2 protein chains.
Amino acid sequence: MKPTKTYILDDQIGHILRKVSQRHTSIFTSEMPLDLTPTRFAAMAKLLEQGPLSQNELGRLTAMDIATIKGVVDRLRVRKLVESKKDPKDARRQLIKLTGKGEDVIQAAIPDALEVTKQTVDALTKAETKQLLKLLSKLL
Amino acid sequence: MKPTKTYILDDQIGHILRKVSQRHTSIFTSEMPLDLTPTRFAAMAKLLEQGPLSQNELGRLTAMDIATIKGVVDRLRVRKLVESKKDPKDARRQLIKLTGKGEDVIQAAIPDALEVTKQTVDALTKAETKQLLKLLSKLL
DNA sequence: TATATATGATTAGTATACAAACGACTAGAT
DNA sequence: ATCTAGTCGTTTGTATACTAATCATATATA
């Protein structure tokens with residue numbers, strides 16, 4: 001008789017990753033006083049870091065699919081946090097850049113985001129956090 | 001003059017978690033030959049583990065919001081992988097259970113899911129994997 | 001130059017994910 | 001017995017996330 005393989009969902013790395021990500025999102029939502037989601041924040045933080053980028057570039061740098069980044073940029077544009085204009089060098093591209101308001105918002109949000117990171121790894125020592133980041137990075 | 005805090009997106013635990021989760025989902029999608037998403041698989045695996053459960057219970061055990069688990073169960077029901085009936089003990093509840101087909105499908109999928117887990121942590125030694133799971137579990 | 005290939009962006013469709021508001025029902029306290 | 005607090009489930013709305021199809025534009029190369 002063929003033995004049934006045991007499969008305990010809660011022991012699987014994928015399920016654990018999902019739950020840890022959920023907790024992070026939850027911390028982000030409760031700690032971020034501005035109307036910013038994790039992805040909207042990520043897009044703006046990357047624009048602050050890198051300056052104007054094409055939409056696809058921004059997506060690649062924030063690990064968002066081209067369809068996903070489009071929605072994120074659209075919602076940021078509605079809120080006047082970013083604006084886009086044609087790239088004079090390449091007619092296919094839309095250059096996305098922070099507005100003045102967008103820059104103010106992201107600057108104001110960064111301390112809160114650092115606090116989110118801090119709270120997320122609250123249960124770990126500094127050494128454990130470093131080790132965790134090292135191990136996770138190996139999985140990319 | 002107030003110094004601008006540096007914020008490097010790629011160093012933040014939340015962003016790294018998101019990317020690792022994306023990679024896991026991608027492995028799942030390519031390795032799973034059946035028409036199963038990670039959440040559909042998780043719901044069925046938990047039903048196999050625990051037997052019939054109410055919809056809300058199933059959601060809690062799989063870390064899905066009540067609105068999310070509803071959609072997942074609906075889609076599983078359309079595919080005749082689960083069925084629901086009134087709980088005779090509590091008129092509010094719908095008891096969700098695997099169908100015969102559902103049981104066959106989840107049993108067949110388990111080896112593939114174990115392979116997904118294996119590939120996800122491929123870059124780590126056994127000891128590193130154990131350490132990673134331990135650290136992640138502390139964050140829950 | 002002509003063409004093949006690659007890249008940028010949009011759209012449609014499916015599937016999570018969560019908040020908020022609602023109605024139905026249970027169980028515990030009084 | 002009734003009131004109340006909590007639970008179960010649905011629905012609506014917003015926001016990711018990815019696939020596939022499509023179209024426009026660039027670039028490389030034959």
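So you know, we letter chains A, B, ... as the sequences are listed, proteins then strands, and number each from 1. None of the values given here were measured: they were computed from a predicted structure.
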Inset, instruction - Select one nucleotide: of C:dA17, D:dA15, D:dC18, the one nearest the side-chain heavy atoms of A:Arg40. - result: D:dA15
Backbone of [Y] reached by a side-chain donor or acceptor of [X] within 3.5 Å:
X	Y	value
B:Ser54	B:Leu95	no
A:Arg18	B:Thr62	yes
B:Arg40	B:Leu76	no

What is the distance, rounded to the nearest whole Å, between atom [atom1] of [X] and atom [atom2] of [N]?
X	N	atom1	atom2	value
A:Leu95	C:dT7	CG	P	18 Å
A:Asp65	D:dA20	CG	C1'	11 Å
A:Met64	C:dG8	CE	C1'	17 Å
B:Ile66	D:dT10	CD1	P	9 Å
A:Leu61	C:dG8	CG	P	12 Å
A:His15	C:dA17	NE2	C1'	14 Å
B:Gln55	D:dT7	CD	P	17 Å
B:Arg75	C:dA17	CZ	C1'	11 Å

Legend entry - Within residues 63-110 of chain B or reaching into it, pairs that qualify as ring pair (Phe, Tyr, Trp, His ring centres under 6.0 Å) - sequence neighbours excluded: none
Legend entry - Toward the 5' end of DNA chain D, by each residue's nearest nucleotide, B:Asn56 or B:Arg18: B:Asn56
Legend entry - Polar side chain donor-acceptor pair, A:Glu103 to A:Gln107, under 3.5 angstrom: no
Inset, instruction - Would you tell me whether B:Glu31 and B:Gln119 have side-chain atoms, one donor and one acceptor, within less than 3.5 Å of each other? - result: yes
Legend entry - Charged N-O contact under 4.0 Å between B:Lys101 and B:Asp104: no
Legend entry - Charged N-O contact under 4.0 Å between B:Arg60 and B:Glu57: no
Can a side chain N or O of [X] be found less than 4.0 Å away from OP1 or OP2 on [N]?
X	N	value
A:Arg93	C:dT7	no
A:Arg79	D:dT14	no
A:Arg60	C:dA9	no
A:Ser54	C:dA9	yes
B:Gln94	D:dT10	no
B:Thr37	C:dT14	no
A:Gln22	C:dC18	yes

Inset, instruction - Under 4.0 Å between any heavy atoms, over every strand shown, what does B:Arg23 touch: base, sugar-phosphate, or nothing? Just pick one. - result: nothing
Legend entry - Annotated protein contacts, base or backbone, on nucleotides 23-29 of chain C with a non-hydrogen cut-off under 4.0 Å, one of B, S, - each: -BBS---
